[in-house]
Amino acid sequence: MWFITALMSTPNTFRAGPDEDGRFGIYGGRFVAETLMPLILELEQAYETSKDDPEFKRQMDYYLSQYVGRPSPLYLAQRLTDHLGGAKVYFKREDLNHTGAHKINNCVGQILLAKRMGKTRIIAETGAGQHGVATATVCALFDLPCVVYMGAKDIERQAPNVFRMKMLGAEVRPVTAGSMSLKDALNEALRDWVTNVEDTFYIIGTVAGPHPFPAMVRDFQSVIGEEVRMQIMEAEGRLPDTLVACIGGGSNAMGLFHPFLDDSGIDIIAVEAAGRGIETGQHAASLSAGSPGVLHGNRTYLLQDDDGQIQEAHSISAGLDYPGIGPEHAWLHDIGRASYVSVTDDEAIEAFQLTTKLEGIIPALESAHAIAHVMKIAGNLPRDHIMVLNLSGRGDKDLNTVATATGMTFGVE
Amino acid sequence: MMKALPETRIARRFAALKKQGRGGLVTFSTAGDPDYDTALTILKGLPQAGADIIELGMPFSDPMADGPAIQKASLRALKAGQTMIKTLNMVRAFREGDDDTPVVLMGYYNPIYVYGPEKFLKDAKAAGVDGLIVVDLPPEEEAELCIPALEAGLNFIFLTAPTTDDRRLPRVLENASGFVYYVSITGITGTTSAAASDIEKAYKRLKKHTDLPIAVGFGITTPEQAAKVASIADAAVVGSALVKIIAEEGASAALNFVASLAKGIR
């Protein structure tokens with residue numbers, strides 16, 4: 001008997017969280033106003049029921065394969081690999097999904113849940129616009145009215161996505177409060193939700209917010225890592241040595257990482273946005289340079305001052321421009337299962353350009369952060385080292401930003 | 001069940017109101033808005049103007065349950081250099097001249113969490129704070145601050161909302177003390193108002209579950225509305241309307257407004 005007790009008291013999985021209070025260690029939770037609390041509990045129950053329902057799974061599989069285009073390829077980036085001269089670099093091509101990023105995986109799951117719960121109106125927040133576009137897309141498909149909150153600053157730098165959302169029939173509401181970016185869009189979406197609790201479903205775009213959102217979004221995104229497991233076995237006959245993904249809130253990273261958390265030999269690396277450099281204070285590196293706090297319904301690492309006031313984040317990539325991070329990442333950071341590094345705006349732009357030229361793939365600036373880190377480490381690793389990078393989105397939306405940053409013009413010179 | 005708190009200023013004030021046969025006036029203003037000195041002048045003038053209970057907002061950069069008026073008040077206060085230490089100092093300065101009027105600090109959890117909950121409770125109690133309303137701490141998170149607050153001798157006031165149904169109410173009220181704050185609309189502060197008939201229904205529903213006094217807030221902007229709500233419930237809370245006058249017309253106009261609210265209620 002003693003050995004069974006011993007086994008049970010030793011945590012033998014990193015994949016069991018969150019607990020019944022929605023906690024990953026001390027992180028997560030349900031820090032919301034009472035008006036929302038009954039709804040959050042209802043959502044949790046609806047999600048728990050749907051998760052195990054074969055019909056829900058059948059619908060998910062259908063839309064993911066027929067509409068999103070899954071599975072996304074696992075592509076060996078041979079020219080980048082040769083250029084770096086070390087580890088074999090695979091791209092998980094989430095940029096090839098319908099709407100051009102991983103965000104749609106989660107939106108399909110949440111809108112199916114919204115339909116089941118009888119909700120008739122959808123709201124979302126967006127930073128880079130990828131989640132906004134994905135939400136507007138599923139709303140068009142399922143014929144539900146959609147309101148997307150977007151910081152005024154982001155509306156300006158992600159104009160193509162704003163237009164896409166409008167074409168899809170969504171109403172994009174500019175947020176001029178606070179720093180006019182993603183965190184303020186989240187505040188405004190929460191204010192909308194608390195006002196329209198009865199009919200509205202809030203599709204949160206990342207692994208953050210009150211429980212059950214971090215777990216639910218992770219589950220919907222885990223299709224990324226599950227596919228990689230099968231695809232890499234087929235390509236290499238073994239699991240990868242290293243996983244790399246960029247991280248703002250952390251949904252593409254969690255989607256790739258989660259199915260591999262218990263494979264102890266695998267190195268897991270998330271790349272935060274160091275903006276103009278951590279030392280300048282103008283960055284979005286919540287884990288590298290933040291401290292624990294409570295915002296947007298969960299406890300996690302935040303960029304904040306000594307008085308608990310949230311600070312503005314900065315990143316050239318709107319999708320990483322957020323002063324917090326998903327609670328499960330905060331936990332993985334503290335227990336040391338994943339490592340969290342950072343990459344500057346300039347390094348990301350360099351990676352963006354290199355990938356475009358070498359591979360003919362224009363990556364999202366968000367994903368370019370992950371590539372920039374791969375560029376730092378791959379050359380020092382042996383040639384049989386297998387590295388999988390989550391190419392979370394395509395970069396068409398970022399052409400303006402990159403043109404401005406590099407002094408290039410749109411026309412022929 | 002928690003052990004009962006020793007009688008607080010809040011309990012004494014509601015007992016006195018009951019004796020007078022009227023509902024109370026609860027005012028909300030933000031500490032440090034538009035600056036420390038003006039906010040302290042307002043705070044000190046509130047009891048004379050007729051506020052029965054004072055809610056003092058702890059400014060936060062991301063007030064997710066507040067409408068534009070209180071959002072702006074928070075940002076003005078922070079811009080003027082308000083900190084948690086200064087907010088507690090304001091209460092201490094207020095207490096030098098007033099030992100009777102209950103002061104409830106209201107805000108969001110993060111500034112308290114970063115200050116350190118234990119130290120915060122000790123310092124707040126010592127400064128003369130009577131109770132806390134923390135918007136983003138529902139009963140599910142009561143271990144964070146509610147239980148320690150009760151142990152430190154501070155009332156922890158829970159919010160109830162139209163969405164808090166009869167099945168959930170007992171859970172919310174389990175560790176409630178001081179009074180119960182009824183958020184009369186589903187929404188953010190300072191936007192729409194609830195119909196008197198809905199407030200009456202909600203008040204009766206809550207009273208079936210608790211003996212605590214019930215204060216009703218959100219969307220009460222005029223002396224007439226305040227009078228009506230205070231005649232139905234045990235107190236009416238006026239926040240955004242007052243905060244707007246502080247911003248647009250200054251301290252003395254704000255205190256005059258409070259006096260007009262108080263007159264309506266009496």
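Sequence lines set the chain letters: A, B, ... in the order given, protein chains first and strands last, and positions in each chain run from 1. Just the heavy atoms: all of them, side chains too, but no hydrogens, waters or symmetry mates, feed the values below.
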- Please answer whether the main-chain N or O of B/Ala69 pairs with a side-chain N or O of B/Lys244 as donor and acceptor at a distance below 3.5 Å. no

- Message: Does B/Glu118 have more than 12 heavy atoms from other residues, nucleotides or ligands lying within 6.0 Å of its CD?
- Response: no

- Greatest number of non-hydrogen atom pairs under 4.5 angstrom with chain A, of B/Glu144, B/Met84, B/Arg167, falls to B/Glu144

- Query: Measuring heavy-atom distances to chain B, does A/Gln311 have an atom under 4.5 Å in its side chain, in its backbone, in both, or in neither?
  - Reply: neither

- Part of A/Ala177 within contact of chain B (heavy atom distance under 4.5 Å): side chain

- Query: A/Gln309 side chain to B/Ser61 main-chain N or O, any donor-acceptor pair under 3.5 Å?
  - Reply: yes

- Message: Please rank B/Thr191, B/Val183, B/Leu159, B/Ile185 by heavy-atom pairs under 4.5 Å with chain A and give me the top one.
- Response: B/Leu159

- Task: Check the side chains of A/Asp219 and A/Tyr47 for a donor-acceptor pair under 3.5 angstrom, ignoring hydrogens and angles.
- Result: yes

- Message: Between A/Leu190, A/Asp21, A/Val32, who has the most heavy-atom pairs with chain B when the cutoff is under 4.5 Å?
- Response: A/Val32

- Is the closest basic N to carboxylate O distance between B/Arg168 and B/Glu140 below 4.0 Å? yes

- Query: Is it the backbone or the side chain of B/Val134 that comes under 4.5 Å from a heavy atom of chain A, or both, or neither?
  - Reply: neither

- Note on the structure: Highest number of heavy-atom pairs under 4.5 Å with chain B among A/Arg30, A/Arg191, A/Glu188 belongs to A/Arg191

- Query: Under the 3.5 angstrom rule, does the side chain of B/Thr189 hit a backbone N or O of B/Gly67 as a donor-acceptor pair?
  - Reply: yes

- For B/Leu78, is it the side chain, the backbone, both, or neither that has a heavy atom closer than 4.5 Å to a heavy atom of chain A? side chain

- Message: Quick check: do B/Phe120 and B/Leu105 have side-chain heavy atoms less than 4.5 Å from each other?
- Response: yes

- Task: Just give me the residue among B/Pro162, B/Ala161, B/Pro138 that pairs up with chain A most often, heavy atom to heavy atom, under 4.5 Å.
- Result: B/Pro138

- Side chain, backbone, both or neither: which part of A/Ile26 has a non-hydrogen atom closer than 4.5 Å to chain B? side chain

- Item | Over 12 non-hydrogen atoms of neighbours within 6.0 angstrom of NZ in B/Lys72 | no

- If only atom types and distance count, is the side chain of A/Asp154 paired as donor or acceptor with the main-chain N or O of A/Ala128 below 3.5 Å? no

- Task: Assess whether atom CD of A/Glu198 is packed by more than 12 heavy atoms of other residues, nucleotides or ligands within 6.0 Å.
- Result: no

- Item | chain A contact via B/Thr160 - side chain, backbone, both or neither, heavy atoms under 4.5 Å | backbone

- In terms of heavy-atom pairs under 4.5 Å with chain B, which of A/Ser291, A/Gly29, A/Gly293, A/Gly22 leads? A/Gly293

- Note on the structure: Applying a strict 4.5 Å limit to non-hydrogen atoms, the region of B/Asp165 in contact with chain A is neither

- Toward chain A, the part of B/Tyr113 with a non-hydrogen atom under 4.5 Å: side chain

- Item | Under 4.5 Å from a heavy atom of chain B, the part of A/Leu39 involved | neither

- Note on the structure: Cut-off 4.5 Å, heavy atoms of chain A, and the answer for B/Pro59 is backbone

- Query: Side chain, backbone, both or neither: which part of A/Asp306 has an atom under 4.5 Å from a heavy atom of chain B?
  - Reply: backbone

- Query: Under 3.5 Å, is there a donor-acceptor pair between the side chain of A/Lys153 and the main chain of A/Thr176?
  - Reply: no

- Message: Can you pull out every ring pair (Phe, Tyr, Trp, His ring centres under 6.0 Å) where at least one residue sits in residues 293-329 of chain A? Sequence neighbours excluded, please.
- Response: A/Tyr27-A/Tyr301, A/His296-A/Tyr322, A/Tyr301-A/His333, A/His329-A/Tyr340

- Which bit of A/Pro292 is near chain B, if near means a heavy-atom gap under 4.5 Å: side chain, backbone, both or neither? both

- Task: Report the option among B/Asp66, B/Ile112, B/Leu75, B/Thr192 that has the most heavy-atom pairs separated by less than 4.5 Å from atoms of chain A.
- Result: B/Asp66

- Query: Side chain, backbone, both or neither: which part of A/Leu302 has a non-hydrogen atom closer than 4.5 Å to chain B?
  - Reply: side chain

